[in-house]
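In what follows, a structure is listed as structure tokens, so that the remarks can point back to it.
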2 protein chains.
Amino acid sequence: MMSAMAKRAQRRADGLSRELIVKAATELLDAGGEAALTLRAITDRLSTGYGAIYHHVENKGDLLAAATDEVVAGVMTGVVVDAEPRQALRAVALGLFDAIDAHPWVGAQLSREPWRPALLEVYERVGGLLHALGVPERSIFDAAGALVNYVLGVAGQNAANARLLASGEADRAVVLSTAAARWARLDPDRYPFVHKAATRLREHDDREQFLAGVDIFLAGIAALR
Amino acid sequence: MMSAMAKRAQRRADGLSRELIVKAATELLDAGGEAALTLRAITDRLSTGYGAIYHHVENKGDLLAAATDEVVAGVMTGVVVDAEPRQALRAVALGLFDAIDAHPWVGAQLSREPWRPALLEVYERVGGLLHALGVPERSIFDAAGALVNYVLGVAGQNAANARLLASGEADRAVVLSTAAARWARLDPDRYPFVHKAATRLREHDDREQFLAGVDIFLAGIAALR
DNA sequence: CACTTGTTGGATCGGCGATCCAAACGCTAG
DNA sequence: CTAGCGTTTGGATCGCCGATCCAACAAGTG
């Protein structure tokens with residue numbers, strides 16, 4: 001009877017906002033991966049409740065999508081615009097790669113929901129650059145789709161690798177070494193290619209291999225001219 | 001006191017097995033997508049309990065991975081082996097595409113965990129065919145990675161589209177039309193490429209576009225020779 | 001028969017996303 | 001100033017999930 005007070009604790013002084021929530025979500029995702037983004041973690045970090053969150057955000061998917069859009073949009077505004085088309089295409093691809101490397105959850109999200117506004121900007125940029133490259137109109141659609149899909153494929157891989165590194169305790173070099181060792185242990189008669197590729201696997205640089213793939217596509221696109 | 005019986009209902013006549021569980025999981029996944037694969041659904045379908053499942057299967061991820069491996073393995077054994085390398089590469093890619101089209105959850109899973117034994121077989125096959133194509137040894141690793149990543153990218157897209165079609169009630173034509181309409185409504189000055197591509201989007205065939213991408217890649221590979 | 005070993009089914013746990021509602025705020029009208 | 005009202009907030013609660021654990025059972029072994 002006596003203590004009916006102190007029930008409602010205290011209220012935020014500063015107002016909550018969608019931007020603030022997305023920012024907190026991004027920090028959680030960067031710190032602990034996709035698994036770390038829970039509504040409870042957000043309410044803790046922002047010292048608020050579920051209702052407040054859901055007032056500004058549709059649901060968890062919406063939140064994840066908004067955070068992803070923000071990262072991708074940052075990449076697209078940061079990329080140089082007046083370079084030679086071929087170099088500009090490499091720059092766009094590399095920009096996405098680096099952003100996904102820094103925020104692996106973006107890769108997973110882009111693989112899962114590729115029809116977000118952020119990717120629209122990417123398609124537009126890639127399409128325009130392909131046009132500038134002299135790719136025939138009728139081929140640009142296919143070419144742009146191919147390039148973006150390649151980037152998304154690598155994005156998914158990166159995200160998977162990041163999950164592997166985050167969950168386990170091993171660092172990158174160890175994971176790569178053990179994987180290479182596993183490949184090398186395979187029967188050379190049944191798996192000649194993979195067996196031989198084991199050395200490459202240990203030594204390879206993700207970023208360089210990604211760029212090599214982009215160059216293969218660009219070479220193929222040049223053949224369309 | 002009296003009714004201590006009838007507590008333990010009845011026991012399976014036929015024995016459970018990992019194969020049976022994976023089969024049931026595949027059926028659930030095909031019927032209702034990834035969201036439909038829950039341990040409860042499996043125990044219901046197999047008229048058993050959690051313990052029995054976990055006795056044969058590590059955890060849910062293990063189960064999903066096993067089902068995926070099975071599908072991919074089926075593709076790799078079914079693909080023709082003695083064709084001309086270029087055609088064989090197209091056949092491998094198309095086989096994966098069709099399998100993922102039929103079982104979209106496979107696409108999502110491959111994007112999420114690309115280091116499974118099933119993909120090893122794919123890498124081996126692709127690497128061998130690239131060797132047969134005359135691609136220089138030092139480039140095969142990059143080329144195989146690029147091709148597989150492209151396939152994985154498309155796989156993720158397909159899975160995303162399938163989720164969209166499954167969750168909503170619209171069919172493929174409607175979804176495509178509304179997406180195309182949205183693209184067409186964009187400002188032609190700000191989004192010239194996407195605006196123009198809207199028509200293509202409505203008319204395009206996923207499978208054909210996928211193959212066009214494979215051909216671009218193969219043309220780029222040829223340039224490595 | 002007793003005893004051991006490998007399976008099976010289900011009660012239970014902690015954690016999740018989402019919903020709902022009452023309390024607290026801040027604005028505006030009188 | 002204040003009464004009223006729509007907006008914003010915090011937290012109790014719901015239903016569902018994956019996973020663990022253990023008692024009951026079957027089949028093999030002497």
Side-chain angles (χ1 to χ4, degrees), chain A residues 3-25 28-29 31-67 105 108-109 112-113 163 167, chain B residues 1 3-25 28-29 31-68 105 108-109 112-113 163 167:
Chain A
S3 65
M5 53 83 207
K7 203 194 155 203
R8 287 278 140 177
Q10 77 284 2
R11 218 176 143 90
R12 310 186 51 77
D14 53 337
L16 217 47
S17 72
R18 187 178 163 95
E19 288 76 34
L20 244 173
I21 297 174
V22 170
K23 183 163 166 291
L28 283 171
L29 286 162
E34 313 170 64
L37 181 64
T38 71
L39 286 180
R40 277 146 176 88
I42 289 191
T43 56
D44 283 1
R45 173 173 273 254
L46 296 177
S47 315
T48 180
Y50 304 99
I53 301 292
Y54 274 89
H55 181 74
H56 294 277
V57 156
E58 192 103 1
N59 52 41
K60 189 185 165 175
D62 180 33
L63 181 54
L64 197 57
W105 48 273
Q109 175 62 11
R112 207 172 302 124
E113 291 196 7
R163 255 190 308 270
S167 68
Chain B
M1 312 297 186
S3 65
M5 53 86 209
K7 201 193 156 203
R8 287 276 139 177
Q10 76 283 3
R11 218 177 143 89
R12 311 187 51 77
D14 54 335
L16 216 48
S17 73
R18 187 179 163 95
E19 287 79 33
L20 244 173
I21 295 174
V22 170
K23 184 164 166 288
L28 283 170
L29 287 163
E34 312 170 64
L37 181 64
T38 70
L39 286 180
R40 276 143 177 93
I42 289 192
T43 55
D44 282 0
R45 175 173 272 256
L46 295 178
S47 314
T48 182
Y50 304 99
I53 302 291
Y54 275 88
H55 181 73
H56 294 279
V57 156
E58 193 102 359
N59 52 40
K60 190 185 166 174
D62 180 34
L63 182 53
L64 196 57
T68 303
W105 49 274
Q109 175 63 13
R112 208 171 303 124
E113 291 197 8
R163 254 189 310 269
S167 68

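We name chains A, B, ... by the order of the sequence lines, and we start the count at 1 in each one.
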Over all strands shown, is L37(B) touching base, sugar-phosphate only, or nothing at heavy-atom distances under 4.0 angstrom?
sugar-phosphate

Please determine if a side-chain N or O atom of Y50(B) lies less than 4.0 Å away from the OP1 or OP2 oxygen of dA19(D).
no

For dT8(D), does either OP1 or OP2 sit under 4.0 Å from a side-chain N or O belonging to H55(A)?
yes

Rounded to whole Å, how long is the line connecting atom [atom1] of [X] with atom [atom2] of [N]?
{"X": "K60(A)", "N": "dG15(C)", "atom1": "NZ", "atom2": "C1'", "result": "11 Å"}
{"X": "Y54(B)", "N": "dC13(C)", "atom1": "OH", "atom2": "C1'", "result": "13 Å"}
{"X": "D62(B)", "N": "dA19(D)", "atom1": "CG", "atom2": "P", "result": "10 Å"}
{"X": "E58(A)", "N": "dA18(C)", "atom1": "CD", "atom2": "P", "result": "10 Å"}
{"X": "I42(A)", "N": "dG15(C)", "atom1": "CD1", "atom2": "C1'", "result": "16 Å"}

Of the listed nucleotides (dG18(D), dT7(C), dT9(D)), which one gets closest to any side-chain atom of H56(B)?
dT7(C)

Of the candidates dG18(D), dT7(C), dG10(C), the side chain of L39(B) sits closest to dG18(D)

Looking at dG15(C), does its base get a donor-acceptor pair with the side chain of R40(A) below 3.5 Å?
no

Treating K23(A) as the side-chain partner and A67(A) as the backbone partner, does any N or O pair qualify as donor plus acceptor under 3.5 Å?
no

Taking G33(B)'s backbone N and O only, do any of them form a donor-acceptor pair with R163(B)'s side chain (distance below 3.5 Å, no angle check)?
no

Go through W105(B) and T68(B) one step at a time and tell me if the side-chain contact (heavy atoms from CB on, under 4.5 Å) criterion holds.
CA-CA 8 Å; W105(B) 49 274; T68(B) 303; 3.8 Å; yes

Minimum heavy-atom distance between A66(B) and R18(B), given as atom pair plus value
CB-NH2, 3.5 Å

